[in-house]
Structure formats: structure tokens, C-alpha cells
Amino acid sequence: MLAAAPASAPAAAPACAAPDDVTRLMNPLVRTGRKLAAGEPVKIVAIGSSSTAGAGASAPDKSYPARLAVELANRFPAQPVTVVNRGVNGEEARDMIKRMDEGVLSERPDLILWQVGANAVLRDTAIPAVRSDILEGLRRMKASGADVVLIDPQFAPKVLAKKDADAMVDLLATTAKTQNVDLFRRFAVMRHWRQVSRIPFEAFISPDELHMNDWSYGCLAKLLAGAIAEAATRSTLTAHAR
């Protein structure tokens, strides 16, 4: 009788990495840095659509905001850092603006993470209209005094198949620069995974070819936590040097 073949070992998870020049935030996070330096609680609100809500994750605690809270707690164990998830599936910028006062600004956040643009690309929404909505959203966020970080679309097959994918990435980069807010370059991070690290799409994209999965949400959170910590520390050092 032939012996049963040994079970194959599960595939190793990809290494979570991206170049510093891709993950680094352009501007220091001044308000967040001051709170951290003073040992005060920090509140972060993540607003966005399905990839903020956590579509594609196996459980709510695998979404990127949930994992970000864990990563920041590890980096700043001596003080509370709260991450509030305000992601709603299917929304575009104009939808998020409608709930911004009640869902975001009422929380009095120190830092707002705004994931935006992917659904507009998928629906072929005109770029000028998206730009107008994003500018209005940023105006309200900045008026609150919070630090702001934009997060651009995911590098995923269904996004890449649309004609305005690159235009949306360019729009967010240009808008972040002209409006003096930060941009976390998710598209470039995920492109690095695929084109440089040679990680197959199925390792970091759900079977729907659009949403991220547990590994990619976790890696995104780890890289974003590092970027936030560096930019917040940078602002503190700058303030002390003056």
C-alpha cells in the first residue's frame, strides 16, 4: 500500500516592503506630531469607500484602519491612538462630502486619512468633477485644523483596465502638492509589489480583481504607520529646532 503523500506546506507570505521614496509623506504631520510629543491622545479618522470599510478582508479587524491602530499602538505604546473607520462601500468623493461634518469633523480628528478616487475611475466619472469635489473636501478638512493625508487608488486589474486610472493618480498627486497636504501613494506601493517584487496579483488582490485582501491591508497599514510616525516625528524635531 502506497504511503500518503505529505501535505504541502502553505505558501510563505510575501515580504511587506516598498521603497522609502514611495512611502514617505511629503509634509510633516504638525498637529499629530505635537500631540505625540506632548503625550496626549491622538485621534485619526479614516474616510473612504470599500477599501477603507474593508471589502475583501476576512473580518472587520483585518481592514486597513483596524490594522493601522494595531501598528500605531506598537509604535506608541505609552499613549492612546484611536483610529475611527468611516469607510462606506461604493462611495465617491461627492458622497463622502455629504457625511463629512457628521461622520468625520464631529470626531475632532487630529489626522484625517482620505482614500478617494477609485470608484470615480470605475464609473468613468469626469475628472474635472472629481477634482472639484476633492478640493471642496480638502477645504473643509483643512479648515478643521487636522492634518490630512490623501490615499490614491489601488493597483488592481479592474482599476488598471479603466481609461482614467493614471489620470486619477496624477490628479491626486497634483492636488496634494498644490493644496499642501500629504499623499500616501498606495498605487505606487502596490505597483512596486507587482512589478518589482514580482508578487502575483492573487497574493494581494481578492478574487474579484479589485479589492485588497488580509495580507495587503496589513502591509498597507504597516507602511502607512511607518510613514505617519516618521512625518509626525519630523514635525516635532522641526518645531524643537526653531
Side-chain angles (χ1 to χ4, degrees), residues 15-48 51-52 61 63-87 104-105 107-116 137-138 141-152 172-193 196-197 215-242:
C16 175
D20 289 345
D21 62 350
V22 172
T23 60
R24 188 177 191 271
L25 300 178
M26 179 176 63
N27 301 313
L29 298 174
V30 176
R31 177 165 168 166
T32 306
R34 287 173 180 163
K35 286 290 192 79
L36 290 171
E40 298 175 0
V42 173
K43 179 175 280 191
I44 300 170
V45 174
I47 183 170
S51 58
T52 296
D61 65 354
S63 68
Y64 104 74
R67 298 311 305 163
L68 178 64
V70 173
E71 293 287 347
L72 290 173
N74 290 336
R75 288 176 176 272
F76 302 103
Q79 63 193 111
V81 179
T82 302
V83 182
V84 180
N85 190 337
R86 289 290 184 262
V104 177
L105 301 183
E107 295 283 352
R108 299 182 182 275
D110 301 300
L111 171 60
I112 301 172
L113 306 174
W114 191 11
Q115 168 262 311
V116 67
L138 289 177
M141 291 176 181
K142 290 165 67 177
S144 75
D147 296 322
V148 179
V149 177
L150 291 170
I151 300 176
D152 62 11
L172 287 166
T174 300
T175 302
K177 186 174 182 179
T178 59
Q179 296 300 306
N180 199 34
V181 299
D182 276 306
L183 171 69
F184 187 77
R185 298 169 59 199
R186 176 171 60 153
F187 191 87
V189 167
M190 298 175 71
R191 181 173 58 199
H192 176 85
W193 295 343
V196 179
S197 298
W215 178 84
S216 51
Y217 280 132
C219 184
L220 176 74
K222 180 178 180 179
L223 297 173
L224 180 56
I228 290 171
E230 189 280 327
T233 304
R234 191 193 327 154
S235 72
T236 303
L237 294 174
T238 301
H240 287 172
R242 288 177 180 173

Sequence neighbours left out, what passes side chain to side chain contact (heavy atoms under 4.5 Å, CB included) with P19? Give chain and number order.
-> D21, V22, H192
Side-chain (W193) to main-chain (A17) donor-acceptor, under 3.5 angstrom | yes
Hey, does the side chain of N85 reach the backbone of T52 with a donor-acceptor pair shorter than 3.5 angstrom?
-> yes
Over all heavy atoms of both residues, which pair between [X] and [Y] is shortest? Give the atoms and the distance, please.
X: C16; Y: W215; answer: CA-CZ2, 4.0 Å
X: V149; Y: L183; answer: CG1-C, 4.3 Å
X: P65; Y: A46; answer: CG-CB, 3.9 Å
X: D110; Y: V42; answer: OD2-CA, 3.4 Å
X: R67; Y: A221; answer: CB-CB, 3.5 Å
X: E71; Y: A225; answer: CB-CB, 3.6 Å

SB check R31 D147 (cutoff 4.0 Å) = no
E230 with R234: basic N within carboxylate O range, under 4.0 Å = yes
Residues which pass ring-ring contact (aromatic ring centres under 6.0 Å, His included) with F187, listed by chain and number, not counting sequence neighbours | F155
By side chain to side chain donor-acceptor pair (under 3.5 Å), which residues pair with R191, not counting sequence neighbours?
-> none
Apply the test side chain to side chain contact (heavy atoms under 4.5 Å, CB included) to residues L220 and V189: give CA-CA distance (whole Å), side-chain angles for both, the deciding distance (0.1 Å), then the verdict.
-> CA-CA 8 Å; L220 176 74; V189 167; 5.5 Å; no
Pair L36-R75, side chain to side chain contact (heavy atoms under 4.5 Å, CB included): steps then yes or no | CA-CA 11 Å; L36 290 171; R75 288 176 176 272; over 6 Å; no
Residue K222 excluded, over 12 heavy atoms near NZ under 6.0 Å | no
Kindly check if the number of other-residue, nucleotide or ligand heavy atoms within 6.0 Å of CG (N74) is above 12?
-> yes
Roughly how far apart are D182 CG and I112 CD1, rounded to 0.5 Å?
-> 13.0 Å
One should read off an interatomic distance between L224 CG and I44 CD1, to the nearest 0.5 angstrom, of 8.0 Å
Can I228 and F184 be said to form a side chain to side chain contact (heavy atoms under 4.5 Å, CB included), step by step?
-> CA-CA 10 Å; I228 290 171; F184 187 77; over 6 Å; no
